[in-house]
Amino acid sequence: MFLLTVLDGTGRTYARPIEGPTSFDPSALRGESPHRGPWLLQPDPSRGVLVVRTPELQVITELRLDQRIVVGDLTLHLTRLDLARTDRIVVAPRRSGLSLRIRGRRPVSLGYRPLVVGSWHGCDVVIDDPSVSHRHCEVTPLGDAWAVWDLASTNGVRVAGARVPYAILEAGATLTLGRTHVECVPCDAAVAHGSAIVGASAAIDRLRQSIADVADAPYPVLIEGESGVGKELVAREIHARSGRRGGALVSINCGAIAPELIESELFGHERGAFSGAQARRRGLFEEAHDGTLFLDEIGELPMALQPKLLRVLETGEVRRVGGEGTHKVRVRVVSATLRDLDQRVRDGHFRHDLFFRLQDMRVRVPPLRERVGDIPALADALLRRIADETGRHRTLEDRALARLMLWRWPGNVRELFAALKRAVFATPGAVIGADDLDLPDALPYLKSGVRGVHDGDADPWPERVPHGDLAALHSYCNGNLTRVATIAGLARSTVRARLAKARAAGGCEP
């Protein structure tokens, strides 16, 4: 296990444990770097740690053990992480579930991604306490436990009264951040995270909160999100948490049924209403009475049918095709779209009055690229599902997981699921390797390794020049500042300033 220490341009130190593919965002630091994040840190026991900028998939550098490398105004240092040397080690299995609880706040469940705690509004856990630093500490999954890391805060992190640079957490422990006490309490992961929605990213936490906010409301809900993000899964969660969970959840894809048949599907028909209507039939609104009707791809609903749907929403009454009377229904409508309905309204393809009626409550489902940290948990859950369906039990090696975390996933979770299905049947053994994934070969270093500092078409750092030594690089390039800047990934002005500073200190003579 490695420990990456980053020193920014202001002298502030940031530490990150690395035991598998790990995300890191250097934009949170105050130093300047042309390689702004997020980064993927990929450990390789035989070489060190590869630092890759995502989503551009550019290899920034390869860090060797006990080596220091300068990237912009950031200094990266890689060492071994020896938890046995800390004064406070309490092992807490991550599988048992753990939450952070602050008085007067809803507990925050820990999961598969780091959580930054501080007084800044952009933190994952915000504490309104002037004695708490802007970014005070970070809680990180580490092996089968969680660790808390002090982010060079002013008042430090205290566990049981002792100030510690980092510590392993256990249920019952209390962290003191400034004047605020944060309790570590056990939780059931299934209860904390819900039974269907997988992940512990800030984006997923916001989604869960949105579901909780709208679940008991009696009003229509509009779910927005790209194709493959799991909008129907969100609709099921809303129904399961609502007061109508005892009723039926009935679904229809408005874009998958011929326009002339949708009205009959939704509202039903009387015998003889049209050719082929040989018997009376209830529509989906009647089937969903006292329950929930999920209208997927609502943006594809034909214009001619939109006023009829609006009438049902406003009156709670449906009229079957070919019928004379109406029937009362008590149905909550949840709709979903990957279309921009606001734009479709402006283009005249969707009625503005229906749009405003459908979006009394809105829930946005984030795309997978906004929650890369959830991919390990998602992959595990999907592999378990595949195993249950096929009997083929597979796990992912670290390099394969890194490849999944670097892909953009335009098809979102649906595309990830398909990729894992292919990999399961393409892998003869129990472990899926990077080569078993049917994805574009965006990361050749996963196979052969790439060394040096790269930025687009930049030249690699010369093998015989120590990494980060600008004076030596300047000499190697025969004083060509442009080439030095290109290789180092720095602006020419930054190179010139650093060389001048080193010359003034007697460090070089260009």
*What's the verdict on side chain to side chain contact (heavy atoms under 4.5 Å, CB included) for Val334 and His239, showing C-alpha distance, side-chain angles and the deciding distance?*
CA-CA 9 Å; Val334 176; His239 173 73; over 6 Å; no

*Report yes or no: does Ser119 contribute a side-chain atom to a donor-acceptor pair with the main-chain N or O of Val132 at less than 3.5 Å?*
yes

*Residues, nucleotides or ligands: over 12 heavy atoms within 6.0 Å of Asp128 CG*: no

*Look at the side chain of Arg344 and the backbone N and O of Gly299, then say whether any donor-acceptor pair between them is shorter than 3.5 Å.*
yes

*Might you work through the side chain to side chain contact (heavy atoms under 4.5 Å, CB included) test for Phe355 and Arg351, ending with a clear yes or no?*
CA-CA 6 Å; Phe355 170 64; Arg351 291 178 61 103; over 6 Å; no

*Main-chain N/O of Leu301 paired with Gln306 side-chain donor or acceptor, under 3.5 Å*: yes

*asked:* If I compare all heavy atoms of Val214 with all of Met361, which pair ends up nearest, and what's the gap?
replied: CG1-CE, 3.7 Å

*So, does Glu226 use its side chain to make a donor-acceptor pair with the main chain of Pro367 at under 3.5 Å?*
no

_Using side-chain heavy atoms (C-beta onward) and a distance below 4.5 Å, is Met405 in contact with Pro376?_
yes

*asked:* Could you go through Asp213 and Ser210, starting from their C-alpha distance and side-chain angles, then the distance that decides it, and tell me whether this counts as side-chain hydrogen bond (donor to acceptor under 3.5 Å, both in side chains)?
replied: CA-CA 5 Å; Asp213 291 342; Ser210 296; 5.3 Å; no

*Any donor-acceptor N/O pair, Thr61 side chain to Leu63 backbone, under 3.5 Å*: no

*Can you find a pair of side-chain heavy atoms, one from Glu232 and one from Ser251, that are under 4.5 Å apart?*
yes

*In terms of side-chain geometry, is the basic nitrogen of Arg339 or Glu300 positioned less than 4.0 Å from the acidic oxygen of its partner?*
yes

*Can you tell me how far the CZ atom of Phe2 sits from the NE2 atom of His77, to the nearest 0.5 Å?*
12.0 Å

*asked:* Just so I know, are the side chains of Val117 and Leu151 near enough to count as touching, which here means a heavy-atom distance under 4.5 Å?
replied: no

*Are Arg101 and Glu183 within salt-bridge range, i.e. N to O under 4.0 Å?*
yes

*Would a 4.5 Å heavy-atom cut-off, applied to side chains only, mark Leu284 and Leu295 as touching?*
no

*If you take all heavy atoms of Ser227 and Asn412, which pair is closest and at what distance?*
O-ND2, 2.9 Å

*Could you tell me whether the side chains of Gln209 and Arg206 share a donor-acceptor contact shorter than 3.5 Å?*
no

*Test side-chain hydrogen bond (donor to acceptor under 3.5 Å, both in side chains) on Asp216 and Ser242 and set out the steps.*
CA-CA 5 Å; Asp216 287 328; Ser242 72; 5.9 Å; no

*So which pairs with a foot in residues 409-430 pass salt bridge (Lys or Arg N to Asp or Glu O under 4.0 Å), sequence neighbours left out?*
Arg422-Asp438

*asked:* Using the rule given for side chain to side chain contact (heavy atoms under 4.5 Å, CB included), can you reason through Leu175 versus Leu169, listing the C-alpha separation, both sets of side-chain angles and the distance that settles it, and then say yes or no?
replied: CA-CA 9 Å; Leu175 308 177; Leu169 302 179; 3.6 Å; yes

*Any chance CZ of Arg68 has more than 12 other-residue heavy atoms, nucleotides or ligands included, within less than 6.0 Å?*
no

*How many angstroms lie between atom CD1 of Ile386 and atom NE2 of His393, to the nearest 0.5 angstrom?*
11.5 Å

*Please answer whether the main-chain N or O of Leu404 pairs with a side-chain N or O of Trp409 as donor and acceptor at a distance below 3.5 Å.*
yes

*Which pair of heavy atoms, one from Arg403 and one from Leu437, lies closest together, and at what distance?*
NH1-O, 3.9 Å

*With distance as the sole test, does Lys231 use its side chain to make a donor-acceptor pair with the main-chain N or O of Asp296 at under 3.5 Å?*
no

*Could you tell me which non-hydrogen atom of Val331 sits nearest to which non-hydrogen atom of Ala288, and how far apart they are?*
CG2-O, 3.4 Å

*Compare all side-chain heavy atoms of Leu222 with those of Leu341 and state whether any distance is below 4.5 angstrom.*
yes

*Would you check if Leu293 and Leu249 make a side-chain contact, meaning some heavy-atom pair closer than 4.5 Å?*
no

_Arg362 side-chain N/O to Val221 backbone N/O, donor-acceptor pair under 3.5 Å_ = no

*Once you round to the nearest 0.5 Å, how far does CZ of Phe350 lie from CG of Asp342?*
11.0 Å

*More than 12 heavy atoms from other groups under 6.0 Å of CZ on Phe425*: yes

*Would you confirm whether Arg394, through its side chain, and Ala423, through its main-chain N or O, come within 3.5 Å as a donor-acceptor pair?*
no

*Side chains of Arg64 and Val49: closer than 4.5 Å at any heavy-atom pair?*
no

*Atom SG in Cys137, atom CD1 in Ile127: separation rounded to 0.5 Å?*
7.0 Å

*Once you round to the nearest 0.5 Å, how far does CD1 of Ile252 lie from CD1 of Ile257?*
3.5 Å

*asked:* I want to check something: taking the side chain as every heavy atom from C-beta on, are Leu78 and Gln67 in contact at a cut-off of under 4.5 Å?
replied: no

*Can you name the nearest heavy-atom pair linking Val198 to Arg208, along with the distance?*
C-NH2, 3.9 Å

*Is a donor on one side and an acceptor on the other found under 3.5 Å between the side chain of Glu237 and the backbone of Val234?*
no

*Residue pair Thr292, Val250: steps toward the side chain to side chain contact (heavy atoms under 4.5 Å, CB included) verdict*: CA-CA 6 Å; Thr292 302; Val250 180; over 6 Å; no

*Rounded to the nearest 0.5 Å, how far does CD1 of Ile223 lie from OG1 of Thr337?*
11.0 Å

*Shortest non-hydrogen contact from Ala212 toward Arg241*: CB-NH1, 4.4 Å

